[in-house]
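In listed order, ligands and their atoms are each counted from 1. Only this structure's heavy atoms are used, side chains among them; waters, hydrogens and symmetry mates stay out. Numbers here are sequence positions counted from 1.
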Amino acid sequence: MKSPIVVDGISYLHLSDEKLLDLSKNDAEDFNGETITISKQIKEGRGIPSGNDTDITLIAKDSEESNLDTYCEILRTCPCPICNSETDKINATITATTISFLLFTNYQKSLKIACPNCLNKMHNEAMFKTSILGWWGVPWGIVRTLEALILNYKMKFLTTLPEPNELFKNFVASRIDRIEANRNNGDALKAIVQFG
Ligand SMILES: [Zn+2]
């Protein structure tokens, strides 16, 4: 068992049942998953009923979040799949490109994983391509061109965040099993980053 949590200088193990229940009820939202788990273990050990499922819900939520953070960090140890740099941790973005020709307009969005520098370049390329080739379609050329330019502009802000953005977290969340199975296999992790 892990070291007991200390509250106001008193170990959880030595708190009265009443104080323990009071703490777990009133301060549960401030606890992290580990604290609540230990508190629950102690309560069970003492034969104190857990009451409703609040504690259990909080444990599941917290441990899911910390799990996801852990797997994000595992994948972020991989070098950038484009420039191979390990200077800045990889992140995710969505680029949008519009290409038009007369009655034809193609608006394409795609998820990209790379270092902030490369993601930024991808946005610049998508914006350049869109501003040259996007307008020339009727009736959707102008509309889709503006849509693509605005989306790229907004997404550029997400690429420079030091932490994994929501897109990266979603990418990791749907691949947790594969990341876990390959957590010590650098090549397999690189393949996940590169090919999804
Ligand atoms: Zn890069």
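- Tally of protein N, O or S atoms closer to the Zn ion (ligand 1) than 2.8 Å: 4.
- To the nearest 0.5 Å, atoms NZ (K156) and CG (N124) are separated by 3.5 Å.
- Using a 4.5 Å heavy-atom threshold, the side chains of W135 and T105 count as separate.
- Residues C115 and K89 have side chains not in contact (no heavy-atom distance under 4.5 Å, counting atoms from C-beta outward).
- Side-chain contact check for N106 versus F101: every heavy-atom pair is 4.5 Å or farther apart.
- Taking 4.5 Å as the limit, some side-chain heavy atom of N91 sits within range of a side-chain heavy atom of R76.
- Between the side chains of H123 and T159, not a single donor N or O lies within less than 3.5 Å of an accepting N or O.
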